[in-house]
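To start, the structure under review is shown below, and the notes come after it.
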Amino acid sequence: MSFNNMSDPRRQTKILRYKAPSTDTNPTLEDPTPDYMNLLGMIFSMCGLMLKLKWCAWIAVYCSFISFANSRSSEDTKQMMSSFMLSISAVVMSYLQNPQPMSPPW
């Protein structure tokens, strides 16, 4: 066993354990995309519910999926799931009130 240590070219004193950079000291490492998409999803879902615009409701679902996909596992999921459920309810309510296919917004 000591023979293996003798032939090992690595220096034990130079080996350092990796530590992930802290977001407290460097706030630029934090990605704001999930927060922005969550906010956009809520805005579009409220427009879809109040104005009965189906395309707004579908954009809200899309934004909610992006927010969920880009979020960290350590974040609180209550707000994200409420945004997702709000966007789903906007789609359901807009199609319950008018079951016709969605017309293009232009």
Side-chain angles (χ1 to χ4, degrees):
M1 181 130 184
S2 65
F3 179 71
N4 286 340
N5 272 345
M6 298 289 274
S7 65
D8 193 3
R10 295 176 289 186
R11 290 174 271 178
Q12 293 294 326
T13 58
K14 298 291 183 181
I15 297 175
L16 299 174
R17 185 171 181 86
Y18 174 75
K19 292 180 183 173
S22 174
T23 57
D24 297 334
T25 58
N26 192 359
T28 60
L29 295 175
E30 192 171 320
D31 187 22
T33 303
D35 297 330
Y36 290 146
M37 285 296 145
N38 199 1
L39 179 66
L40 275 175
M42 286 191 179
I43 290 170
F44 277 120
S45 59
M46 292 308 286
C47 287
L49 278 172
M50 301 295 179
L51 304 175
K52 300 177 182 76
L53 297 172
K54 293 178 185 176
W55 60 272
C56 277
W58 282 111
I59 291 174
V61 171
Y62 183 70
C63 288
S64 295
F65 275 128
I66 292 174
S67 174
F68 182 71
N70 289 327
S71 68
R72 295 181 183 227
S73 61
S74 61
E75 288 182 8
D76 187 28
T77 58
K78 288 179 184 177
Q79 184 179 4
M80 197 174 321
M81 291 308 290
S82 66
S83 170
F84 182 70
M85 295 305 288
L86 183 65
S87 63
I88 293 294
S89 65
V91 170
V92 169
M93 291 305 291
S94 64
Y95 277 97
L96 279 177
Q97 292 170 356
N98 185 10
Q100 300 298 322
M102 185 173 73
S103 61
W106 51 87

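Counting begins at 1 with the first residue of the sequence.
Scanning all heavy atoms of the two residues, the minimum distance from Trp58 to Met102 falls at CD1-SD, 3.9 Å.
Although no hydrogens or angles enter the test, the distance criterion places a donor-acceptor pair under 3.5 Å between the side chain of Ser94 and the main chain of Ala90.
Hydrophobic cluster membership differs between Ile59 and Phe68, with clusters built from Ile, Leu, Val, Met, Phe, Trp and Tyr side chains linked at under 4.5 angstrom.
Residues Leu86 and Ser89 are in side-chain contact: their nearest non-hydrogen atoms beyond the backbone lie under 4.5 Å apart.
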Run the side-chain donor-acceptor check on residues 36-49: report pairs under 3.5 Å with partners two or more places apart or on a different chain.
residue: Asn38; atom: OD1; partner: Ser83; partner atom: OG; Å: 2.9
residue: Ser45; atom: OG; partner: Gly41; partner atom: O; Å: 3.0
residue: Ser45; atom: OG; partner: Met42; partner atom: O; Å: 2.9

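Once rounded to the nearest 0.5 Å, the distance linking CE of Met80 with CG of Asp35 reads 8.0 Å.
The 12-atom threshold is not exceeded at CZ of Phe65, counting heavy atoms of other residues, nucleotides or ligands nearer than 6.0 Å.
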